[in-house]
Amino acid sequence: LGPNQQDIWQLNRTAPQLTVYHLPVRISLPRGTTADVMRAVLRDLTERHDALRTVMPEIDGAPVAKVLDAEAAPVDLRIVEEALDEAAVRTFVDEPFELTTQLGWRCLLSVAGDVVELVLVAHHAMVDGWSIGILIREAQQALAARIAGDAPHWSTPVSTTTPPRPTFVPPSRCRSTPRAPERSSS
């Protein structure tokens, strides 16, 4: 795990009720999207991306990334047969993650008549602002394939490179360089 992931993991351990690192997305889905289709889509994504099947157990006081086999990784899809109100969405999004034993993402599927919605919430230790867009795009691609009765055919391989990220250095680790005293002009 990188230093930022370790810091986020530590915050999750000490204050699991904090939701600042929860990345929620609410998506309208095509009519006729069933729970079975959505489970297949989430399984497709889980098989494709290691981060979606990673837990972070604590070993010797530090987090360690443990990637589960695709077949063994559980898909957390909860289903309701009613429209989602803001309170239900907020409750789902605010539920703490237990990153040491659970995957860092979950989904809520609402099927209410002709209205089908998905709420996906991922912990920032697993998914970031850059990768959430990829995840949504690939979920849409897999959904179209699954509705058509096919498995998705990915047009691009999973990227093995990550985008450049800013480096955060906590103030406690910074050293200031002393400046030369200013000379007075008198």
Side-chain angles (χ1 to χ4, degrees), residues 1-27 38-79 89-109 118-143 151-152 154-175:
L1 297 175
N4 290 346
Q5 284 177 307
Q6 290 178 25
D7 290 345
I8 292 171
W9 179 89
Q10 186 61 47
L11 281 171
N12 175 260
R13 300 299 300 147
T14 57
Q17 74 283 359
L18 288 179
T19 60
V20 68
Y21 289 109
H22 293 194
L23 303 173
V25 178
R26 188 174 184 175
I27 306 166
M38 204 62 232
R39 257 190 221 93
V41 167
L42 299 177
R43 175 68 47 213
D44 293 333
L45 295 173
T46 302
E47 289 173 1
R48 183 161 164 80
H49 296 283
D50 288 355
L52 298 181
R53 49 192 163 90
T54 299
V55 292
M56 298 177 168
E58 182 175 348
I59 298 177
D60 296 330
V64 176
K66 179 181 176 186
V67 180
L68 304 176
D69 290 332
E71 301 79 36
V75 171
D76 188 349
L77 175 64
R78 303 168 199 182
I79 302 152
V89 171
R90 178 59 36 211
T91 298
F92 181 72
V93 169
D94 288 349
E95 182 181 320
F97 283 97
E98 175 47 71
L99 298 176
T100 61
T101 59
Q102 298 172 342
L103 299 179
W105 67 295
R106 60 180 170 259
C107 294
L108 176 63
L109 180 67
L118 180 75
V119 176
L120 180 149
V121 61
H123 196 282
H124 188 50
M126 304 303 177
V127 176
D128 60 17
W130 175 76
S131 58
I132 195 85
I134 293 169
L135 187 61
I136 293 166
R137 186 175 61 248
E138 289 184 353
Q140 292 169 331
Q141 183 181 352
L143 181 60
W154 307 112
S155 57
T156 58
V158 174
S159 175
T160 57
T161 60
T162 56
R165 298 175 191 226
T167 302
F168 173 75
V169 179
S172 61
R173 293 189 197 162
C174 294
R175 285 185 292 157

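In this chain, numbering begins with 1 at the start of the sequence shown.
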When rounded to the nearest 0.5 angstrom, what is the spacing between [atom1] in [X] and [atom2] in [Y]?
| X | Y | atom1 | atom2 | value |
| --- | --- | --- | --- | --- |
| His124 | Asn4 | NE2 | CG | 7.5 Å |
| Gln140 | Leu118 | CD | CG | 10.5 Å |
| His49 | Ile134 | NE2 | CD1 | 7.5 Å |
| Ile136 | Gln141 | CD1 | CD | 14.0 Å |
| Ile8 | Leu18 | CD1 | CG | 12.0 Å |

I need the minimum non-hydrogen distance between [X] and [Y], along with the two atoms involved.
| X | Y | answer |
| --- | --- | --- |
| Thr14 | Pro16 | C-CD, 3.7 Å |
| Thr46 | Ala73 | CG2-CB, 3.8 Å |
| Ala139 | Leu45 | CB-CD1, 3.7 Å |
| His22 | Pro24 | O-CD, 3.1 Å |

Walk me through whether Val93 and Thr19 qualify under side chain to side chain contact (heavy atoms under 4.5 Å, CB included).
CA-CA 8 Å; Val93 169; Thr19 60; 5.6 Å; no

Kindly indicate whether the side chain of [X], heavy atoms from C-beta on, has any atom under 4.5 Å from the side chain of [Y].
| X | Y | answer |
| --- | --- | --- |
| Val121 | Leu108 | no |
| Gln5 | Leu99 | no |
| Met126 | Phe97 | no |
| Leu103 | Asp76 | no |
| Leu120 | Ile27 | no |
| Trp105 | Leu42 | yes |
| Lys66 | Met56 | no |
| Arg53 | Asp50 | yes |

Under the criterion side chain to side chain contact (heavy atoms under 4.5 Å, CB included), I'd like the reasoning laid out for Val127 against Leu52: C-alpha separation, chi angles, the key distance, then a yes or no.
CA-CA 8 Å; Val127 176; Leu52 298 181; 4.1 Å; yes

Applying salt bridge (Lys or Arg N to Asp or Glu O under 4.0 Å), which residue pairs with at least one partner in residues 13-26 are found, sequence neighbours left out?
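Residue pairs with at least one partner in residues 13-26: Arg13-Glu98, Arg26-Glu86, Arg26-Glu117.
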
Stepwise side chain to side chain contact (heavy atoms under 4.5 Å, CB included) check, Tyr21 with Leu11
CA-CA 9 Å; Tyr21 289 109; Leu11 281 171; 3.6 Å; yes

Can you tell me if [X] uses its side chain to pair, donor with acceptor, with the backbone of [Y] under 3.5 Å?
| X | Y | result |
| --- | --- | --- |
| Arg78 | Arg106 | no |
| His123 | Ala125 | yes |
| Asp128 | Trp130 | yes |

Worked check of side chain to side chain contact (heavy atoms under 4.5 Å, CB included) between Asp7 and Gln10
CA-CA 5 Å; Asp7 290 345; Gln10 186 61 47; 5.7 Å; no

